[in-house]
**Q** 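Here it is, the structure in full.
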Amino acid sequence: MRVSVEELLRAHGRPPREVYFDNENSGYVPREVVEEMIPYFNSIGYGHPSITHKPGWEAYEVLYKTKDLLTKVLNAEGLGEFAFVHSGTEANNLAVLGHALANKGRGGKIVVSAIEHLSVIYPAEEAERLFGFRVVRVPVDSEGFVDPEVLKEFVDGSTSLVSIQMVNHEIGTVQNIFELSKVVKEVNPRAVFHTDAADAFGKIPIDLKKLEHVDMVTLSSHKIHGPRGVGVLFIREGVRVEPVLKGQLSYEKLWPGVENVPLIAGFRKAVELAYRDFDLNVAKMREARDLLVRGILEKVSDVLVNGPSDFSMRSPDNANLSFLYVEGEALTVELSINGVYVSSGSACTSRILEPSHVLLAIGRKHEEAHGSILFKTSRYHTREDIEYTLEVLPKAVDRLRGISTIKK
Amino acid sequence: MRVSVEELLRAHGRPPREVYFDNENSGYVPREVVEEMIPYFNSIGYGHPSITHKPGWEAYEVLYKTKDLLTKVLNAEGLGEFAFVHSGTEANNLAVLGHALANKGRGGKIVVSAIEHLSVIYPAEEAERLFGFRVVRVPVDSEGFVDPEVLKEFVDGSTSLVSIQMVNHEIGTVQNIFELSKVVKEVNPRAVFHTDAADAFGKIPIDLKKLEHVDMVTLSSHKIHGPRGVGVLFIREGVRVEPVLKGQLSYEKLWPGVENVPLIAGFRKAVELAYRDFDLNVAKMREARDLLVRGILEKVSDVLVNGPSDFSMRSPDNANLSFLYVEGEALTVELSINGVYVSSGSACTSRILEPSHVLLAIGRKHEEAHGSILFKTSRYHTREDIEYTLEVLPKAVDRLRGISTIKK
Amino acid sequence: MSTRIPLPYTPRVLELFRNPKNVGPMEDADIVESAGSPACGDMIRLYIKVTTRDGEELVERATFESYGCAANIAAASILTELVVGKSMREAWSISWKNVADELGGLPPIKYHCSILAVGALKRAIRSYYKKVGKQPDWLPEELTQEERQTLEEEKMLEKLYSGYTIKVSLPRGGGNEVTRP
Amino acid sequence: MSTRIPLPYTPRVLELFRNPKNVGPMEDADIVESAGSPACGDMIRLYIKVTTRDGEELVERATFESYGCAANIAAASILTELVVGKSMREAWSISWKNVADELGGLPPIKYHCSILAVGALKRAIRSYYKKVGKQPDWLPEELTQEERQTLEEEKMLEKLYSGYTIKVSLPRGGGNEVTRP
Ligand SMILES: Cc1ncc(COP(=O)(O)O)c(C=O)c1O
Ligand SMILES: Cc1ncc(COP(=O)(O)O)c(C=O)c1O
Ligand code: FES
Ligand code: FES
């Protein structure tokens, strides 16, 4: 449909303050990160890391320093390789489809949790469709946890790959990846264990020496205030994946094409910033999140908390709340008009008019998912941001409840 | 290998001028393009084009305006869709593997020219390996041209896809895509015709109304002074491709993940700049190229021109020359020390120690490919740049010829 | 969070979403009809007051409630405005396309919100004549396209919802080591 | 242009590439030996002048020529420096790894450049003793690892080259419409 978005934005109006909570998608990119990228664009031509000239060597250096930094912050010295791709989605595809391609003669089971990101679930289904693997979805409990005992029952000698995320992107459940990977290897030491840590990185410390049973890990730049356009897959030494796409190789053996050097330089800086004051950064997002949730529960009635009720078991940036009797998409629009930017797991926001598979998997009813709103706080949120949100949100919910067919 | 690139760069020294000819890879990104991207990074969070809030709508607008601009400059009104991916490599994968996935029950032949980019050839081979297609490589003549009469003989009723690039990335050969696509459809109207125009866009006018037999077209942002990280596939209405990667869809139905809005905004500006003064831009790169080639042929003996000898049949930015008796990688290093940045098709620059498949396919002998150097000029090259190069280059060739085991 | 699609609303949708007309229940309504999913609640409910002038039934007043998206709210608002003062026969002939056009267009994925609104209206008109025991000749006995689509929509919503209930809730595992997974 | 790999040279490689020692043919060389592909020309040629002191053959001078990459040039340069003043027996024991180490390391893909250089040296030493009709006890009759690798390298290069000649050159088609393809 042809719509003048400009006009739409005019009609949208100008709120007194703007607060961005859609950090599940792309967040603020700090000046220091931007300043790492600009010089590449400004130079006469930035390099291809595999060409023997100065810009090429400079480009090579960026890749190599980024891998060094990742090795350090993840405690991965000597453990394996980091492959660069363009998104967390691509890293998950490389892990799941890349594993399937490398093992396609053998088939077997691919075990995923029911609340994995779709970039894990759909590639697993593709591996089933194309290469005869069988996808098994492990159920989660009502707060999104995978029980190691339950997982154990889904794993057997034919299990080829297990993929369970470290932190759920919608409800913030922090899985016990150490335990989960351990039980998998106890049952079948040859099964490969992948964890999608796109939403854990920068929020939950990750130590790959300790996580000795984890074979592959997904990261994504835009989740930690880096630029969108860099995904990373860690692959433990000896674990085989095959490139999913084909073409000219450069530094990267597992994804064809030339590495996006400016973005990777920005990503490196973002990692540096996230880890420079890791605990403080986490404390800040947690504080903003706690302030927000406490305020909402005080000021708005009939709110369900989706995901872990014990907030120490939940990612420090995550708040997922269902505002009963209203529909989430309408609420995102209403909040947007007031300068508060969030997303929703409502069926009405989906291409297939289906509510979030995560909310359904934890047993939320359709009408409970209907009014769900995802807030992700960051270290950049101020107290004023949260206070403003707490002013705006109850009014927005009230107005829509006033219109609703459903009353308490 | 662990090497301090910093130290290497110190040892490299500082030349009096720097001239970048590696525009096959990533070129200069003008300030106007950078300025389109920065605001997204600076904002509190830039949008996901499929979320119903203001940053989301702003993001949506970027995509939609970019598609509108592409529709205009390619004269593609009402003809089909543009899909966003992260590189030309990914666009080619979507075209070739995406076609194979959509037609995998049927099999048939995939016809490519012998000098296609590896991001076409390798996906075609993957389609053969995984889905039972058969890859046929059409030979080219000694200047890289595909003869329509020859192509005709390679196409038959079982041909599923034909992929022939508009401009060759190494030797600049401009194919007669209109004729080539026409003969394909004459033999088999159901065969799908893809052209990789990554290296033609911005240099050769492309009119998709006229190119009525062309079904898919690949573009890449960094080839036209846009940021690296945006590839585009045009798909004519009714042509079926399936996503190669799987996951969460946003605006883009054919590539999962959220679109890279800041980069796409930069790409849009780059398209605008390329087309604002199309003829002038082309004249500038042609002038720099002609000056360079004329100067080299005057000043250096034993130089072969690779690709079309009739320069009106060759992309205006392309010069590919073989300096006999020297090895190309050594020459790239020698030139780099003097501030001139080029690439080579020598076996010594390759991961598999194989010379450029393009040079071999046009009948160049190994020793002719050995000293090949690719220069790509741009509208930003000055006369001084070329003159400086013409000073430096003969000395570099001389020095290496002095060392060489092979003398005239 | 599930698979996404951009929703470029028109300024008119946004405006009506912000300032909808004819909101709320109507105490003296002659008919109240809804459309939507019984599973998650009615998306839309219409209240209509009918009056008779010169032997013809007219819509005197119309209000709505919505538990739907911004487009649904805007569509319902427009619809209530469109029907007021119209004869029942004229009201019957309003299509979802009329509603979408009045809104300046809707993204295809949101057509169904307009369909639901019009579906509720058609239900209301039928139930009015059922109540008063008449069968006007312009009122087809067979369901219209919009009514059938509304039914399908409702069925789909219900299926979606119930299809998932089997997949949930195993007891929560203990010992989650949060800071070092 | 074909499949790429980064080539992080050490500063030492770069330095020796820029200022190689012992470059050029040697008029009075006792032995001249090469390694590389007969198809595309020798990558490396060594010239060695032998002298005898106290009954032991020593390398008096060594020079090289190279038609190879920057690493090849640097490796050859180092090698000529390494052998000078050494006995033939000592020279024989120089491995490609010694050469690479002297360069501060080489990227794996460039090991073969060092192997070629050392391969040429071993050939030179063998051909010296063949010429003078001696067979020192330290000189193994069987080919060493490096010599075998050098042969393989040469065979590969030749095959690569010849494998392609069949794929080329059909007559050029006319009528290329350049400005509007
Ligand atoms: C857990 C998880 N996995 C994968 C992804 C996909 O990452 P990206 O947006 O970089 O494609 C996301 C982000 O949305 C995520 O939260
Ligand atoms: C003809 C051609 N096709 C495809 C590509 C690949 O494009 P990208 O570098 O964006 O992956 C290139 C660029 O190197 C090219 O020149
Ligand atoms: S001589 Fe060819 S790679 Fe070194
Ligand atoms: S009411 Fe659900 S999409 Fe409009």
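Chain letters run A, B, ... following the sequence lines, proteins first, then strands; residues in each count from 1.
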**Q** Please look at A:Val244 and chain B and tell me whether the side chain, the backbone, both or neither of the residue comes under 4.5 angstrom of a heavy atom of that chain.
**A** both

**Q** Any heavy-atom pair between the side chains of B:Val29 and A:Asn42 that's under 4.5 Å?
**A** no

**Q** Using a cut-off of under 4.5 Å on heavy-atom pairs, state which of B:Thr332, B:Asn23, B:Val258 scores highest against chain A.
**A** B:Val258

**Q** Which residue out of A:Phe41, A:Tyr380, A:Trp255, A:Phe131 racks up the most heavy-atom pairs below 4.5 Å with chain B?
**A** A:Phe41

**Q** Between A:Arg129 and A:Glu126, is there a salt bridge with N-O shorter than 4.0 Å?
**A** yes

**Q** With chain B as the partner, which of A:Ser87, A:Pro30, A:Ser43 has the greatest number of non-hydrogen pairs under 4.5 Å?
**A** A:Ser43

**Q** Less than 3.5 Å apart, any donor N or O on the side chain of A:Asn92 or A:Thr218 sitting next to an acceptor on the other?
**A** yes

**Q** Please check if any side-chain donor atom of A:Asp22 sits under 3.5 Å from a side-chain acceptor atom of B:His53, or the reverse.
**A** yes

**Q** Just by distance, no angles: are the side chains of A:Ser26 and B:His48 close enough, under 3.5 Å, to form a donor-acceptor pair?
**A** no

**Q** State, with a plain yes or no, whether a side-chain heavy atom of A:Phe84 is found less than 4.5 Å away from one of A:Thr66.
**A** yes

**Q** Pick one of side chain, backbone, both or neither for B:Ile44, based on which atoms fall under 4.5 Å of a heavy atom in chain A.
**A** both

**Q** With chain B, which of A:Glu58, A:Arg228, A:His225 has the greatest number of heavy-atom pairs at distances under 4.5 Å?
**A** A:Arg228

**Q** Looking only at the side chains, is there a donor atom on one of B:Glu90 and A:His86 sitting less than 3.5 Å from an acceptor on the other?
**A** yes

**Q** In terms of heavy-atom pairs under 4.5 Å with chain A, which of B:Leu263, B:Asn260, B:Leu97 leads?
**A** B:Asn260

**Q** With no hydrogens and no angle check, do the side chains of A:Glu77 and A:Thr71 hold a donor and an acceptor under 3.5 Å apart?
**A** no

**Q** Quick check on B:Leu9 against chain A: is it the side chain, the backbone, both or neither that has a heavy atom closer than 4.5 Å?
**A** side chain

**Q** Answer yes when B:Lys376 and B:Glu24 have at least one side-chain N-carboxylate O distance shorter than 4.0 Å, and no when they do not.
**A** yes

**Q** Parallel, tilted or perpendicular, judged at 30° and 60°: which one describes the rings of B:His169 and B:His357?
**A** tilted

**Q** What residue, out of A:Gly339, A:Pro256, A:Gly56, A:Ala124, has the most heavy-atom pairs lying under 4.5 Å from chain B?
**A** A:Pro256

**Q** Less than 4.5 Å to any heavy atom of chain A: does that hold for the side chain of B:Leu94, its backbone, both, or neither?
**A** neither

**Q** Let's test your reading of the structure: which of B:Pro227, B:Gly27, B:Pro55 forms the most heavy-atom pairs below 4.5 Å with chain A?
**A** B:Pro55

**Q** Let me know if B:Glu259 has heavy atoms under 4.5 Å from chain A in its side chain, its backbone, both or neither.
**A** backbone

**Q** Please flag which part of B:Ile121 lies under 4.5 Å from any non-hydrogen atom of chain A: side chain, backbone, both or neither.
**A** neither

**Q** Tell me which of these, B:Lys246, B:Glu18, B:Lys65, has more heavy-atom pairs under 4.5 Å with chain A than the rest.
**A** B:Lys246

**Q** For B:Ile337, which atoms come within 4.5 Å of any heavy atom of chain A: side chain, backbone, both, or neither?
**A** neither

**Q** With chain B, which of A:Leu130, A:Thr89, A:Asn93 has the greatest number of heavy-atom pairs at distances under 4.5 Å?
**A** A:Asn93

**Q** Which atoms of B:Val34 come close to chain A, meaning under 4.5 Å heavy atom to heavy atom: side chain ones, backbone ones, both, or neither?
**A** side chain

**Q** Is A:Val19 close to chain B through its backbone or its side chain, or both, or neither, when contacts mean heavy atoms under 4.5 Å?
**A** backbone

**Q** Among A:Leu335, A:Val85, A:Val342, who wins on heavy-atom pairs under 4.5 Å with chain B?
**A** A:Val342

**Q** Would A:Lys104 and A:Glu242 pass as an ion pair if we require N to O under 4.0 Å?
**A** no

**Q** Between OG of B:Ser344 and CG of B:Leu374, what distance do you get to the nearest 0.5 Å?
**A** 9.0 Å

